[in-house]
2 protein chains.
Amino acid sequence: MATNKRATVFVSLKDGVLDPQGVTIQKALAQMGYGEFVSVRSGKFFELEVEASAGDIGQRIDEVCSRLLANPIIEDYRVEH
Amino acid sequence: MATNKRATVFVSLKDGVLDPQGVTIQKALAQMGYGEFVSVRSGKFFELEVEASAGDIGQRIDEVCSRLLANPIIEDYRVEH
């Protein structure tokens, strides 16, 4: 039996899009005495396990990213196989 | 003027910890016709920018991870410089 394939999708806000979570974390760090952290940007990632029998998964993962995992208006994504 | 340092912290749920977001995404994908995606696990990452003048930032980043960015009870983290 073949092993399932794995891929990781990283989703981050496009440059220039406000990241309230990152800003909040940066401010909290400064208050905790970690003032050297001048900027924090947050993102998400998804570890996908794909059936071994699936064919070329690159195209399918691209579809899944733009349809469900990322919001192409405000987010970029990159896939690591 | 020296360039600020950068590091990325990846936070994921420990093995065995239930990931409702991942399960929900996997089910949604199956309903959308992407049944080959048999498992989805979600995680977060944080891109940190650190003042150029800061010394050894490895220890400081470890502190920040365990105190704020990750919950050591249920989450693992790894740092990429």
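- Of the two parts of Asp19(A), neither the backbone nor the side chain holds a non-hydrogen atom closer than 4.5 Å to a non-hydrogen atom of chain B.
- Linking Ile, Leu, Val, Met, Phe, Trp and Tyr whenever their side-chain heavy atoms come within less than 4.5 Å puts Val40(B) and Met32(B) in one cluster.
- Using non-hydrogen atoms only and a strict 4.5 Å limit, the part of residues 47-63 of chain B facing chain A consists of Glu47(B), Leu48(B), Glu49(B), Val50(B), Glu51(B), Ala54(B), Arg60(B), Ile61(B), Glu63(B).
- When each of Arg67(B), Arg6(B), Gln21(B), Lys5(B) is checked for heavy-atom pairs under 4.5 Å with chain A, Arg67(B) comes out on top.
- Annotation: residues 23-30 of chain A contacts chain B through Ile25(A), Ala28(A), Leu29(A) [non-hydrogen atoms, separation under 4.5 Å].
- Proximity to chain A at a heavy-atom threshold of 4.5 Å picks out Phe10(B), Val11(B), Ser12(B) from residues 9-16 of chain B, in numerical order.
- At a heavy-atom cut-off of under 4.5 Å, chain B is reached by no residue from residues 70-81 of chain A.
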